[in-house]
Novice: 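Pasting a structure below so you can have a look.
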Amino acid sequence: MLWLYNGALDVESILSDWYREYRDKNFGAFINFVGIVRKEGNIEGLSFDIYEPLLRSWFEEWQKRAKSKNALVLMAHSIGDVPIHKSSYISAVLSPKRRVALSMIDEFVEDFKANAPIWKYDLVDGKRVYAKDRSLKLPNSGILSSKD
Amino acid sequence: MLWLYNGALDVESILSDWYREYRDKNFGAFINFVGIVRKEGNIEGLSFDIYEPLLRSWFEEWQKRAKSKNALVLMAHSIGDVPIHKSSYISAVLSPKRRVALSMIDEFVEDFKANAPIWKYDLVDGKRVYAKDRSLKLPNSGILSSKD
Amino acid sequence: MAKVEFLGPIGKEPMEVDIKNLKELKDIFRDDKKIQEWLKISAVAVNDTLVNDIDIKIDKNDKISILPPVCGG
Amino acid sequence: MAKVEFLGPIGKEPMEVDIKNLKELKDIFRDDKKIQEWLKISAVAVNDTLVNDIDIKIDKNDKISILPPVCGG
């Protein structure tokens with residue numbers, strides 16, 4: 001249950017689809033995180049590259065973890081350009097009772113930020129500028145470097 | 001930003017309204033919690049009484065706390081009967097960055113469960129049965145009791 | 001007369017009482033076995049603010065609310 | 001030949017290399033100053049699994065991916 005879209009996410013339709021799909025599956029808690037592109041400095045928006053094979057295997061590991069707690073994770077992400085005040089990222093957790101969903105949405109979003117193979121660019125004057133300062137190194141980065 | 005409705009909540013329209021209202025206010029994170037009535041045992045649904053004056057003052061204290069972190073809390077709750085697999089409770093936090101919203105939705109929902117002046121009943125054979133075993137005493141309960 | 005209201009599942013009609021403080025209300029309820037079962041698990045609000053002290057003064061237009069255990073959501 | 005792909009902002013075309021392990025790939029890049037700037041902050045995946053050991057063997061149909069720092073959402 002991982003969806004990738006070109007451009008901004010249609011938040012209303014994604015949340016509605018998810019709710020309609022799962023409301024009668026006896027989950028008592030449905031928590032959504034919606035990330036919205038903020039206006040900061042002179043950026044016109046953000047842009048994203050995704051390495052889909054690794055993103056899907058990262059997500060499937062999370063789905064296993066969720067299922068072991070009778071929960072479910074859902075996620076949608078944009079590829080390419082997303083203007084200011086549009087959404088680029090939505091994730092959700094469904095669980096029978098609230099505690100699992102409340103804890104898992106936090107862990108899921110933080111792990112996503114640290115480990116999902118997605119690259120972010122600021123859009124400035126129509127050009128992509130890699131958001132290097134806000135990016136995080138993946139585990140074991142540097143193993144091919146000769147600068148020891 | 002506290003809405004009370006008679007009967008089940010229209011989740012799709014509430015989430016859409018909230019998103020449309022706040023998407024261009026430069027909040028980067030919009031987290032919502034949707035509580036859905038579960039099928040458990042022989043209940044047909046849940047029913048709720050609310051003491052609105054105290055609920056509103058409890059909520060306003062939370063709004064102050066949220067605003068002190070540049071965040072916003074939103075909440076909708078049902079009054080009366082809510083059938084199985086419909087929603088009785090939605091809350092949300094909007095904040096500029098994710099950490100505040102992720103932490104606050106958890107604190108807000110837990111404090112709501114412990115302190116919001118709302119009484120829950122199971123609907124069994126069309127009758128309301130007070131959910132006493134799942135209910136929590138408010139602070140300083142028992143001060144008028146003569147059984148010391 | 002101050003007004004006493006019994007919230008949620010208590011199911012008792014509101015009543016009017018002539019009291020100077022909450023301690024006098026406690027005395028009024030002393031021999032009501034049915035309401036005692038609720039009072040031992042209920043919180044008390046005066047004019048929609050929860051209180052923790054039965055010596056609090058009550059004026060004639062005050063509203064006293066009895067709040068049994070809660071469970072929202 | 002194994003394939004090496006440079007992901008995200010690196011902006012370098014994929015290349016094919018004849019190597020028996022990742023250590024030999026490290027040697028191939030030793031004098032490329034531009035790619036060294038990326039390698040020191042990049043993780044490495046072999047066939048879409050992140051690896052932590054440059055002694056790992058590489059077969060001729062393997063895909064090696066170079067992943068610079070990430071920032072989703």
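Order of the sequence lines sets the chain letters (A, B, ...), proteins ahead of strands, with each chain counted from 1.
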Novice: Under 4.5 Å, counting heavy-atom pairs only, tell me which of G73(C), A43(C), G8(C) racks up the most with chain B.
Specialist: G73(C)
Novice: What is the distance from atom NZ of K40(C) to atom NZ of K137(B), rounded to the nearest 0.5 Å?
Specialist: 9.0 Å
Novice: For K97(B), I'd like to know if atom NZ has over 12 heavy atoms of other residues, nucleotides or ligands within 6.0 Å.
Specialist: no
Novice: Please flag which part of S65(C) lies under 4.5 Å from any non-hydrogen atom of chain B: side chain, backbone, both or neither.
Specialist: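 It is the side chain, since no backbone atom gets that close.
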Novice: Side chain from CB out, backbone as N, CA, C, O: work out which of these in I66(C) comes under 4.5 Å of a heavy atom of chain B, or both, or neither.
Specialist: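 Just the side chain, heavy atoms under 4.5 Å.
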Novice: Below 4.5 Å, heavy-atom pairs only: which of L54(B), D49(B), L136(B) has the largest tally toward chain C?
Specialist: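 The option with the most such pairs is L136(B).
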Novice: Given heavy-atom pairs under 4.5 angstrom as the criterion, report whether the side chain, backbone, both or neither of F33(B) touches chain C.
Specialist: neither
Novice: Side chain, backbone, both or neither: which part of D53(C) has an atom under 4.5 Å from a heavy atom of chain B?
Specialist: backbone
Novice: Does NZ belonging to K20(C) count more than 12 external heavy atoms closer than 6.0 Å?
Specialist: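 Result for NZ/K20(C): open.
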Novice: Less than 6.0 angstrom separating the ring centers of Y130(B) and W119(B), yes or no?
Specialist: no
Novice: Under 6.0 Å from the CD atom of E13(C), do we count more than 12 heavy atoms belonging to anything else shown?
Specialist: no
Novice: Is there a donor-acceptor pair under 3.5 Å between the side chain of N21(C) and the backbone N or O of I56(C)?
Specialist: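 It does not hold such a pair.
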Novice: Do you know which of D27(C), V51(C), L25(C), D31(C) has the most heavy-atom pairs with chain B at a distance under 4.5 angstrom?
Specialist: V51(C)
Novice: Is it the side chain or the backbone of K33(C) that comes within 4.5 Å of chain B heavy atoms, both, or neither?
Specialist: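 Neither the backbone nor the side chain of K33(C) comes within 4.5 Å of chain B.
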